[in-house]
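When a residue number appears, it is its place in the shown sequence, counting from 1. Only a predicted model underlies this, so the values are computations on that prediction, with no experimental measurement involved. Reckoned from all heavy atoms, side chains included, excluding hydrogens, waters and symmetry mates.
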Amino acid sequence: QVQLMESGGGSVRPGDSLKLTCTTSGWNSEWKYMAWFRQNPGNRREGIAAIFPPSQETYYSTSVKGRFTISQVGRENTWILQMNDLKSEDTAMYFCAAVSWKYSRIEPLDENDYPNWGRGTQVTVSS
């Protein structure tokens with residue numbers, strides 16, 4: 001059974017940094033895309049960062065570009081979201097997601113294209 005697990009959430013102040021990590025279990029093949037999404041109650045899940053492992057090409061939403069960085073740990077099915085200069089509007093539940101090569105057309109920041117999800121980790125930015 002494929003499982004994704006996020007770690008690294010917490011409460012920080014505006015301007016601080018935080019690193020989230022997503023690990024995979026039950027899956028040994030390369031993911032086609034690995035991504036991070038976030039969601040607040042009552043809102044849609046927002047795709048904020050994704051990476052294409054073969055080329056390490058990355059994708060970002062305008063809301064986080066320049067402040068957040070997604071990266072893969074070596075060639076492992078583990079990826080990181082480094083979040084810098086955090087703002088109160090970054091407060092949300094953060095989810096990692098992944099999709100395999102079984103699927104052809106993928107929009108990297110579209111939640112509908114990801115069948116594998118973690119349970120989420122809360123990030124709260126408050127002064």
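Looking at Gln82, its side chain never comes within 3.5 Å of a backbone N or O of Thr69 through a donor-acceptor pair. Side chain of Thr21 to main chain of Ser7: no donor-acceptor pair is present (N/O by atom type, distance under 3.5 Å, no hydrogens or angles).
One finds the OH atom of Tyr94 at 12.0 Å from the CD atom of Gln39 (value rounded to the nearest 0.5 Å). Separation of atoms CD (Glu57) and CZ (Phe52) is listed at 8.0 Å; rounding is to 0.5 Å. Between the CG atom of Leu109 and the CD1 atom of Ile48 there is a distance of 9.0 Å, given to the nearest 0.5 Å.
Considering only residues two or more places apart in sequence or on other chains, Glu46 meets the side-chain hydrogen bond (donor to acceptor under 3.5 Å, both in side chains) condition with Arg38, Ser63. Gln56 is linked by a side chain to side chain contact (heavy atoms under 4.5 Å, CB included) to Ile51, Pro53, Gln72, Arg75, counting only residues two or more places apart in sequence or in another chain. For Asp113, there are no salt bridge (Lys or Arg N to Asp or Glu O under 4.0 Å) partners, not counting sequence neighbours.
Taking the side chain as every heavy atom from C-beta outward, Lys87 and Val125 never approach each other to under 4.5 Å. Taking the side chain as every heavy atom from C-beta outward, Phe95 and Glu111 never approach each other to under 4.5 Å. Put simply, the side chain of Leu20 does not reach to within 4.5 Å of the side chain of Glu6, judged on heavy atoms. Residues Glu30 and Trp101 meet the side-chain proximity criterion, which asks for heavy atoms closer than 4.5 Å. Between Gln3 and Asn116, the closest side-chain pair of non-hydrogen atoms is not below 4.5 Å.
Scanning all heavy atoms of the two residues, the minimum distance from Trp79 to Ala97 falls at CZ2-O, 3.4 Å. Residue Ser100 comes nearest to Trp27 through the heavy atom pair CB-CZ2, 3.7 Å, listed as atom of the first residue, atom of the second, then distance. Between Ala49 and Leu81 the shortest heavy-atom distance is CB-CD1, 4.0 Å. Across Ile70 and Met34, no two heavy atoms sit closer than the pair CD1-O, 3.6 Å. Of all non-hydrogen atoms in Arg44 and Asn112, the two that sit nearest each other are NH2-ND2, 4.5 Å. Between Pro108 and Ala35, the closest heavy-atom pair is O-CB, 4.2 Å.
One hydrophobic cluster, built from ILVMFWY side chains closer than 4.5 Å, holds both Tyr59 and Val99. Linking Ile, Leu, Val, Met, Phe, Trp and Tyr residues whenever their side-chain heavy atoms come within less than 4.5 Å places Trp36 and Val123 in a single cluster.
With a 4.5 Å cut-off between side-chain heavy atoms of Ile, Leu, Val, Met, Phe, Trp and Tyr, the cluster of Ile80 takes in Val73.
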### Query
Does the pair Asn40 and Met93 meet the rule for a side chain to side chain contact (heavy atoms under 4.5 Å, CB included), with working shown?
CA-CA 6 Å; Asn40 280 308; Met93 183 72 76; over 6 Å; no

Could you pull out all donor-acceptor pairs under 3.5 Å where a side-chain atom in residues 8-19 meets a protein atom, sequence neighbours excluded?
residue: Arg13; atom: NH1; partner: Ser127; partner atom: O; Å: 3.0
residue: Asp16; atom: OD2; partner: Arg13; partner atom: N; Å: 3.0
residue: Ser17; atom: OG; partner: Asn84; partner atom: OD1; Å: 2.9

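Pairs passing the ring-ring contact (aromatic ring centres under 6.0 Å, His included) check and including a residue from residues 105-127, sequence neighbours excluded, read Phe37-Tyr114, Phe37-Trp117.
A donor-acceptor pair shorter than 3.5 Å can be found between the side chains of Thr24 and Trp31.
With a 6.0 Å radius and a threshold of 12 heavy atoms from other residues, nucleotides or ligands, Asn43 has its CG atom above the threshold.
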